[in-house]
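I have placed the structure first, in the form of structure tokens, so that the comments after it can refer back to it.
Chain identifiers are assigned alphabetically (A, B, ...) following the order of the sequence lines, protein sequences preceding nucleic acid strands; residue numbering begins at 1 within each chain.
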Number of protein chains: 2
Amino acid sequence: MKSDSSFKESAAHSPRLTRHQQAVLDLLHQQTDALPAQELYSLLRQRQAIGLATVYRALETLKLRGLIKSRMGANGEAFYSLVVSDQHYLTCLQCGQSFPLDPCPVQELETHLQPSVPFKIYYHTLEFFGLCEPCVQSID
Amino acid sequence: MKSDSSFKESAAHSPRLTRHQQAVLDLLHQQTDALPAQELYSLLRQRQAIGLATVYRALETLKLRGLIKSRMGANGEAFYSLVVSDQHYLTCLQCGQSFPLDPCPVQELETHLQPSVPFKIYYHTLEFFGLCEPCVQSID
DNA sequence: TAAGCGAATGATAATCATTCTCATTATACT
DNA sequence: AGTATAATGAGAATGATTATCATTCGCTTA
Ligand SMILES: [Mn+2]
Ligand SMILES: [Mn+2]
Ligand SMILES: [Zn+2]
Ligand SMILES: [Zn+2]
């Protein structure tokens, strides 16, 4: 059998992913950082014909299935990544720079929390905000 | 002396808050939940003349001073609240409903983290996403 | 107190990510 | 193949936020 670079979903009752939904998911598998929808759209267009609305709809579908997640950036754009990725940041309110933080400090918490709530948890967001060293000084 | 319902800022080097900035801060002191800028604008207008742009600028100023914080809602609108408030939610990806979660599970973590990073932490965001009980079933 | 000046304000236009519309096309099933 | 259903794409619409820019405010100084 020949190798298959796509990542198939094995969910029991969910309908199969469409070609475009699969393409979006595959693309996210190749990324190390979360990307905005518009950026994913540009990257996808380099390889195939696809509409922007379709990208947004695919992202919505994948998110409802618990395969990907999104975090809202400061300027109202959403950044998408795989649910399995688990990266958090310190973000400067002044210059906007983000500094990665690892490991995830709430992974264990989520595991403990899940059994105690009537809610199926897919993922979490966690971010710290403040001022980076250079910006703290430039405020004076 | 007569009582003063406003909340004065005692920062050492920061310029005094303007009348409108103070009004925004006072209004946030009266809220139990985070509110979007547009909503704060409506509430403020009931008591005084003020421009929408001024509300946004006041919120930005107050945030840079570490007095208030904001979290981005799913639809791209920011919700503002006092930094001292510390409330997190479980949010359903399907119906959008939010369920409060207390106490804050990372307050202690933030305290431990602060000394180990070259960054002045003002506040954090933490949110869990997934499906609420009714929505889990309606998915099938 | 009057003049001067930089910051703050407000009305409005511009921006821009996201969502909506609807006609067209692909897919699943008989 | 023929029909029902879902997906797609082009472009318009939406709506929160930001940028403009002329005016006003607050404060210092003569
Ligand atoms: Mn995490
Ligand atoms: Mn908290
Ligand atoms: Zn910074
Ligand atoms: Zn729900």
Side-chain angles (χ1 to χ4, degrees), chain A residues 8-9 11 13-27 34-65 68-81 93-96 139-140, chain B residues 6 8-9 11 13-25 27 34-65 68-81 93-96 139-140:
Chain A
K8 301 293 175 43
E9 169 55 0
H13 298 299
S14 301
R16 190 172 298 275
L17 293 179
T18 68
R19 182 168 47 94
H20 285 149
Q21 289 163 356
Q22 185 66 54
V24 170
L25 183 57
D26 287 349
L27 180 56
L35 294 180
Q38 306 265 1
E39 178 70 18
L40 294 169
Y41 172 62
S42 307
L43 292 173
L44 286 166
R45 293 215 76 153
Q46 295 178 3
R47 303 199 153 282
Q48 66 196 280
I50 188 172
L52 177 58
T54 300
V55 174
Y56 277 103
R57 285 185 287 233
L59 290 169
E60 182 62 19
T61 296
L62 295 172
K63 189 160 66 171
L64 280 174
R65 294 210 192 173
I68 69 173
K69 62 182 172 180
S70 69
R71 68 178 175 87
M72 296 299 297
N75 43 324
E77 64 191 342
F79 289 79
Y80 296 87
S81 57
L93 294 169
Q94 173 79 181
C95 67
I139 290 289
D140 284 328
Chain B
S6 68
K8 300 292 174 48
E9 169 57 359
H13 299 299
S14 301
R16 189 172 299 276
L17 293 180
T18 68
R19 182 168 47 93
H20 285 146
Q21 289 163 355
Q22 185 66 54
V24 171
L25 183 57
L27 180 56
L35 295 180
Q38 307 264 2
E39 178 69 18
L40 294 170
Y41 172 62
S42 306
L43 292 173
L44 286 165
R45 293 215 75 151
Q46 295 177 4
R47 302 201 153 281
Q48 65 196 280
I50 188 173
L52 177 58
T54 300
V55 174
Y56 276 104
R57 284 185 287 234
L59 290 169
E60 182 62 20
T61 297
L62 294 172
K63 189 160 66 168
L64 280 175
R65 293 211 191 172
I68 70 174
K69 62 182 172 181
S70 70
R71 69 180 175 86
M72 295 299 297
N75 43 323
E77 64 191 344
F79 289 79
Y80 296 86
S81 57
L93 295 169
Q94 173 79 179
C95 67
I139 291 289
D140 284 329

Inset, instruction - Rounded to the nearest angstrom, tell me the gap between atom CG in B/L64 and atom C1' in C/dA8. - result: 16 Å

Inset, instruction - Send over the distance from A/L17 CG to D/dA6 C1', rounded to a whole Å. - result: 14 Å

Non-neighbouring partners of [X] that pass side chain to side chain donor-acceptor pair (under 3.5 Å), sequence neighbours left out:
| X | value |
| --- | --- |
| A/Y80 | none |
| A/T61 | none |
| A/R45 | A/Y41 |

Inset, instruction - Give me the bend of the helix from C/dT1-D/dA30 to C/dT30-D/dA1, using the axes of the five pairs at each end, rounded to 10°. - result: 30°

[atom1]/[X] to [atom2]/[Y] distance, rounded to the nearest 0.5 angstrom?
| X | Y | atom1 | atom2 | answer |
| --- | --- | --- | --- | --- |
| B/R19 | B/I50 | CZ | CD1 | 8.5 Å |
| A/L52 | A/Q38 | CG | CD | 5.0 Å |
| B/R57 | B/L62 | CZ | CG | 13.5 Å |

Inset, instruction - Report yes or no: do B/K63 and B/S70 form a side-chain donor-acceptor pair below 3.5 Å? - result: yes

Inset, instruction - Give a yes or no on whether the backbone of A/T18 and the side-chain of A/Q21 come within a donor-acceptor separation of less than 3.5 Å. - result: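 Yes, A/Q21 side chain to A/T18 backbone: donor-acceptor pair under 3.5 Å.
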
Legend entry - Sequence-aligned protein contact record of nucleotides 15-22 of chain D, with B where the base is within under 4.0 Å of a protein heavy atom and S where only the sugar-phosphate is: -SBBBB--

Inset, instruction - Scan nucleotides 23-30 of chain C nucleotide by nucleotide, 5' to 3', and note B when protein non-hydrogen atoms come under 4.0 Å of the base, S if they reach only the sugar-phosphate, - if neither. - result: --------

Inset, instruction - Decide yes or no for B/V24 and B/L17: does some side-chain heavy atom of the first lie under 4.5 Å from some side-chain heavy atom of the second? - result: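 Contact flag for B/V24/B/L17 side chains = no.
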
Between [X] and [N], is there a side-chain N or O to OP1/OP2 distance below 4.0 Å?
| X | N | result |
| --- | --- | --- |
| B/T54 | C/dG10 | yes |
| B/H20 | C/dT9 | yes |
| A/T18 | D/dT8 | yes |

Legend entry - Over all atoms of both residues, closest heavy-atom pair of B/E77 and B/P36: OE1-CB, 4.1 Å

Legend entry - Stepwise side chain to side chain contact (heavy atoms under 4.5 Å, CB included) test for B/L35 and B/L27: CA-CA 10 Å; B/L35 295 180; B/L27 180 56; 5.9 Å; no

